[in-house]
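Let me begin by presenting the structure, written as structure tokens, before commenting on it.
Heavy-atom basis, side chains included; hydrogens, waters and symmetry copies ignored. Every chain is numbered from 1 and lettered A, B, ... according to where its sequence line falls, protein lines coming before strand lines.
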Protein chains: 2
Amino acid sequence: MRTRFVLIQTSHAGNVGGVARAMKVMGFDDLVLVQPRWANVLRREETIQRASGANDVLANARIVDTLDEALDGMSHLCATAMTPRDFGPPTRAPREHFDTLFGANEPPPTSVAFLFGSERFGMRNEDVYRCHVALSIPTAPSFGSLNLAAAVQLIAYEWRLALGGFEAAAAAVAERPRADAKALAGMLEHLERALVAVEFLDPQAPKKLMPRLNQLFNRAAPTEEEVHILRGVAKAMLETADRSKR
Amino acid sequence: MRTRFVLIQTSHAGNVGGVARAMKVMGFDDLVLVQPRWANVLRREETIQRASGANDVLANARIVDTLDEALDGMSHLCATAMTPRDFGPPTRAPREHFDTLFGANEPPPTSVAFLFGSERFGMRNEDVYRCHVALSIPTAPSFGSLNLAAAVQLIAYEWRLALGGFEAAAAAVAERPRADAKALAGMLEHLERALVAVEFLDPQAPKKLMPRLNQLFNRAAPTEEEVHILRGVAKAMLETADRSKR
């Protein structure tokens, strides 16, 4: 799936750098700028600083004069707009729209462009009208002022997940085997003797202590290794209590 | 649901402003900074510029010296870490973890803190060990360098959606009061002394015992009453050990 990010009349160089970084971190690299405020925006210091290593995205980026040139070869166009337009495309939340794209009977598009307007004025109506959808990121009703690079970050993230995502960095940590009920009961019986020995549990007035601890450990669902550790604690408690009585 | 964002040793003022804006746009306002590089970071020009109107978030933000202070009153702790730690909490993608939180049989937590490490070094192991989960935002294998404010934006967005978005009203769930992070840390510290006293824990060769127990109790999510019981056990162990040395 070809994916392009198009920034229209962007005024802050720092944002262009932030956008490059946001794209790269989600595995995208096709950036086109339409009439940016600064002709040299791809080489400005703030841009490079905020790009923080996404230099290849900047190096490959193109600057063009018209939206037409920017959209060359792209089939599915997504505006990003906070306010719905009369006569415009349907307004949808990104996740909802991407679900639709891949869930529909129609085959999904072969290429997608995401369009972002200027920081101050957003997208022009004429540009929104060309698009298949206006993506609206859900934001607080009282404060919808999303930074441009932050908006690109959210769209790039949702789009990457819609495309199947990356492996989370985790995975490596294998689930450890949980102790079974018998092992847990054995540990609790051991612990009960230890609690009596250190005089915390009075067998004449047990006050539901063991059922409470049982619930606590049930919720924790200890691994076999953890049950082993807990039995070690009980053993040490019993030995210490023994020494205290000598 | 109380939600707090905690930034640990943040070095760039611009990022603090970007974080405030990212939070506010998703309807969150509780920001705590632990040892930021600049003492006056909340009033610096870059901060205010990047906050772009989220001044109330900055005005309400607190600066503290320790992570303990930052986590006061919070029960469920989410680290954000790119690399899984041995003995650390499970690493999960944000969406996956939030689904688990609300999908489980247990009631969801009453308060959640999201922890973000410094731009250069991320989070310290000790800080990650305290957490219930390490959230890992899926990123390109070759370039995982997510900007701090962008990471906050993504987490705030996913968390807002998990909470039901802006329209949906939060369902009231009767909950047992869970011990907060401070109470849990205090109990673990008490227990550690008791384990040393009964000669189960060798301070010279701790073998990650305390991080393991921390994870076990995180999974159990003890109530305040249970923490009280566990401290009683620790106290009895210490007293017994004292008697054994007389």
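- In this structure, the separation between CD on A:Gln153 and CD1 on B:Ile137 is 7.5 Å, given to the nearest 0.5 Å.
- A:Ala140 pairs by the side chain to side chain contact (heavy atoms under 4.5 Å, CB included) definition with A:Ser142, B:Phe166, not counting sequence neighbours.
- Looking at A:Ala149, neither its backbone nor its side chain comes within 4.5 Å of chain B, counting heavy atoms on both sides.
- Contacts of residues 191-213 of chain A with chain B at a heavy-atom distance below 4.5 Å involve A:Leu195, A:Val198, A:Glu199, A:Phe200, A:Leu209, A:Arg212, A:Leu213, listed in sequence order.
- Of the atoms belonging to B:Ala134, not a single heavy atom falls under 4.5 Å from chain A.
- Taken from OG1 in A:Thr240 to CG in B:Asp242, the straight-line distance is 11.0 Å, to the nearest 0.5 Å.
- Considering only heavy atoms from C-beta on, B:Leu216 comes within 4.5 Å of A:Phe217 through its side chain.
- For the options A:Lys245, A:Lys235, A:Arg95, A:Glu226, heavy-atom pairs under 4.5 Å to chain B are most numerous at A:Arg95.
- Of the atoms belonging to B:Glu225, it is side-chain heavy atoms, and not backbone ones, that fall under 4.5 Å from chain A.
- When side chains are defined from C-beta on, B:Asn147 does not count as touching A:Ser52, because their heavy atoms never get closer than 4.5 Å.
- Neither the backbone nor the side chain of A:Arg246 comes within less than 4.5 Å of any heavy atom in chain B.
- The salt bridge (Lys or Arg N to Asp or Glu O under 4.0 Å) test applied to A:Arg44 returns A:Glu46, not counting sequence neighbours.
- Contacts of residues 19-29 of chain A with chain B at a heavy-atom distance below 4.5 Å involve A:Arg21, A:Lys24, A:Val25, A:Met26, A:Gly27, listed in sequence order.
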